[in-house]
Every structure is written in C-alpha cells, then in structure tokens.
Novice: 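First, the structure itself, so that you have it in front of you.
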Amino acid sequence: MPTADSNIYWESFKTFFKIGMFTLGGGYAMIPLIEEEVVNRHRWVTKEEMLDLIAIAQSCPGVFAINISIFIGYKLRKTQGAIMTALGTALPSFLIILAIAIFFQQFKDNKVIAAMFKGIRPAVVALIAVPTFNLARRAQLNLFTIWIPLVSALAIWLLGVSPIGIIILAGIGGYLYGKIGNQ
C-alpha cells in the first residue's frame, strides 16, 4: 500500500510531466498550465506564492519552468520533491528532442510538418501573452508603476540592454523604494 509521501512524489511527478508534455513555447507558455495545476487543482501554492515563484524563477539562472518546478517540489517534500518535479518537467522535452534528433532527417523537409509549426507559432505568442497580462494584474501595476515593465521591455528590445542589467537595476530600485517608503 503506497504511503502519503510516495503518493505526493508520484502525483507531483505526473503533474509536472503533463505540464512539460503539453506545453509548447517554453517556460512562459507553461505558466497558465502550472498555475491551473498547482494553484487551482492541487492547491500546492497560493496565487500570491505563485507570483513570487515566477519572479524568483525568472531571476535565477537556469530553465524557467524547471526553476518553478523545483521551488514547488521543494515546498512539497524538500530535496526529493524538488528532484521529482524537476524530472517531471524536463523528461518530456528530453524525450521529444531525442526523438526529433533521431528522426529529423526523415521529416525536416515535410511541408505538412513545416505548416504545422507555422500554425503553432501564433498560439505560442498567445500562451506567453496571457500569463504576462495576468502577472501585470497580480503585481498591481498602476499609473505610477506601469512605466517599469514598459521601459524595461523597450530597453531590452530596442536598445539591446541585457536582461540581467534590468533585473539588477529593478532589484536595486525596489530595495531603495522600500527603504525610502519605510521612512
């Protein structure tokens, strides 16, 4: 008979495997699925914790979706939970990429496959846009703070400013704002 601990390991692995298997477009495209599963369905984290996890995962080196899965797994069952959720997230991509690498030469010039990928691209944009708008709403952006993500995005896109520099400046700015705001 399985124990509650082994059940949560298997459940968290399956959940993140499903997220990894059915999400195209990378980490940001996974946010709606992760939120649906871990916040709404399983209630492993709250909406506020999810917002914090997204900010932390984005600020840490590594793959965004795996970072989030590690944080959630760690919250559930420390190191072993983090290993299970990270494996669940990474394994589908690994298997799909391995299959593509093995069979790529056979279908790289297939017009049907190329057309399918062209059709998937706009959907991926939407999958990235939705969590961006949700994050903005939950971050409680207003007329005084909306300029921060806009200027940051434009600086990265138009001026080629490093996202690392933006993160460091935002962290310093947040720290200074907190210091000044608490006085």
Novice: Distance from Leu98 atom CG to Leu91 atom CG, nearest 0.5 Å?
Specialist: 10.5 Å
Novice: Nearest 0.5 Å, what's the CD1-CD1 distance between Ile19 and Ile68?
Specialist: 9.5 Å
Novice: Could you please spell out the steps behind the side-chain contact (heavy atoms from CB on, under 4.5 Å) verdict for Ile34 and Ile72?
Specialist: CA-CA 10 Å; Ile34 294 171; Ile72 293 169; 4.2 Å; yes
Novice: Using side-chain contact (heavy atoms from CB on, under 4.5 Å), reason through Trp10 and Phe13 one step at a time and then give a plain yes or no.
Specialist: CA-CA 5 Å; Trp10 177 239; Phe13 176 84; 3.8 Å; yes
Novice: Are there over 12 heavy-atom neighbours, none belonging to Leu158, within less than 6.0 Å of that residue's CG?
Specialist: yes
Novice: Hey, are Asn7 and Glu11 close enough side-chain-wise for a donor-acceptor pair under 3.5 Å?
Specialist: no
Novice: Working to the nearest 0.5 angstrom, can you tell me the gap between Ile100 CD1 and Leu95 CG?
Specialist: 11.0 Å
Novice: Check for a donor-acceptor pair, side chain of Lys75 on one end and backbone N or O of Trp44 on the other, with a separation under 3.5 Å.
Specialist: yes
Novice: Run the side-chain contact (heavy atoms from CB on, under 4.5 Å) test on Val39 and Thr46 for me, step by step, so that the C-alpha distance in whole Å, both residues' side-chain angles and the decisive distance to 0.1 Å come before the verdict.
Specialist: CA-CA 6 Å; Val39 175; Thr46 66; 6.0 Å; no
Novice: Could you walk me through whether Asn40 and Glu36 pass the side-chain contact (heavy atoms from CB on, under 4.5 Å) test, one step at a time?
Specialist: CA-CA 5 Å; Asn40 301 334; Glu36 178 59 32; 3.0 Å; yes
Novice: Answer yes if Val125 and Met30 sit in the same cluster of Ile, Leu, Val, Met, Phe, Trp and Tyr residues linked by side chain heavy atoms under 4.5 Å apart, and no otherwise.
Specialist: no
Novice: Within this structure, what is the OG1-CZ distance for the pair Thr85 and Phe17, rounded to the nearest 0.5 Å?
Specialist: 14.0 Å
Novice: Taking side chain as C-beta onward, heavy atoms only, is Met84 less than 4.5 Å from Arg77?
Specialist: no
Novice: Looking at Val112 and Asn110, what are the two nearest heavy atoms and their distance?
Specialist: N-OD1, 2.8 Å
Novice: Would Phe16 and Ile66 show up in the same hydrophobic cluster when neighbours are defined by side-chain heavy atoms closer than 4.5 Å?
Specialist: no
Novice: Over all heavy atoms of both residues, which pair between Gly88 and Pro92 is shortest? Give the atoms and the distance, please.
Specialist: O-CD, 3.1 Å
Novice: Do Ile56 and Ile148 sit in the same hydrophobic cluster, where Ile, Leu, Val, Met, Phe, Trp and Tyr count as joined when their side-chain heavy atoms come under 4.5 Å apart?
Specialist: no
Novice: Taking Ser152 for the side chain and Pro149 for the main chain, is one N or O donor matched with an acceptor at less than 3.5 Å?
Specialist: no
Novice: Give a yes or no on whether Leu159 and Trp147 share a hydrophobic cluster (residues Ile, Leu, Val, Met, Phe, Trp, Tyr; joining criterion: side-chain heavy atoms under 4.5 Å apart).
Specialist: no
Novice: Out of curiosity, Ile70 CD1 to Leu53 CG, how far, rounded to the nearest 0.5 Å?
Specialist: 12.0 Å
Novice: Roughly how far, to the nearest 0.5 Å, is the CD1 atom of Ile113 from the NZ atom of Lys118?
Specialist: 13.5 Å
Novice: Quick check: do Gln58 and Asn67 have side-chain heavy atoms less than 4.5 Å from each other?
Specialist: no
Novice: For Lys18, enumerate each residue passing the side chain to side chain donor-acceptor pair (under 3.5 Å) test, keeping only those at least two apart in sequence or located in another chain.
Specialist: Glu37
Novice: When clusters are formed by joining ILVMFWY residues with side-chain heavy atoms under 4.5 Å apart, either directly or through shared neighbours, do Ile31 and Ile128 land in the same one?
Specialist: yes
Novice: Does atom CD of Gln80 have more than 12 heavy-atom neighbours, drawn from other residues, nucleotides or ligands, at distances under 6.0 Å?
Specialist: no
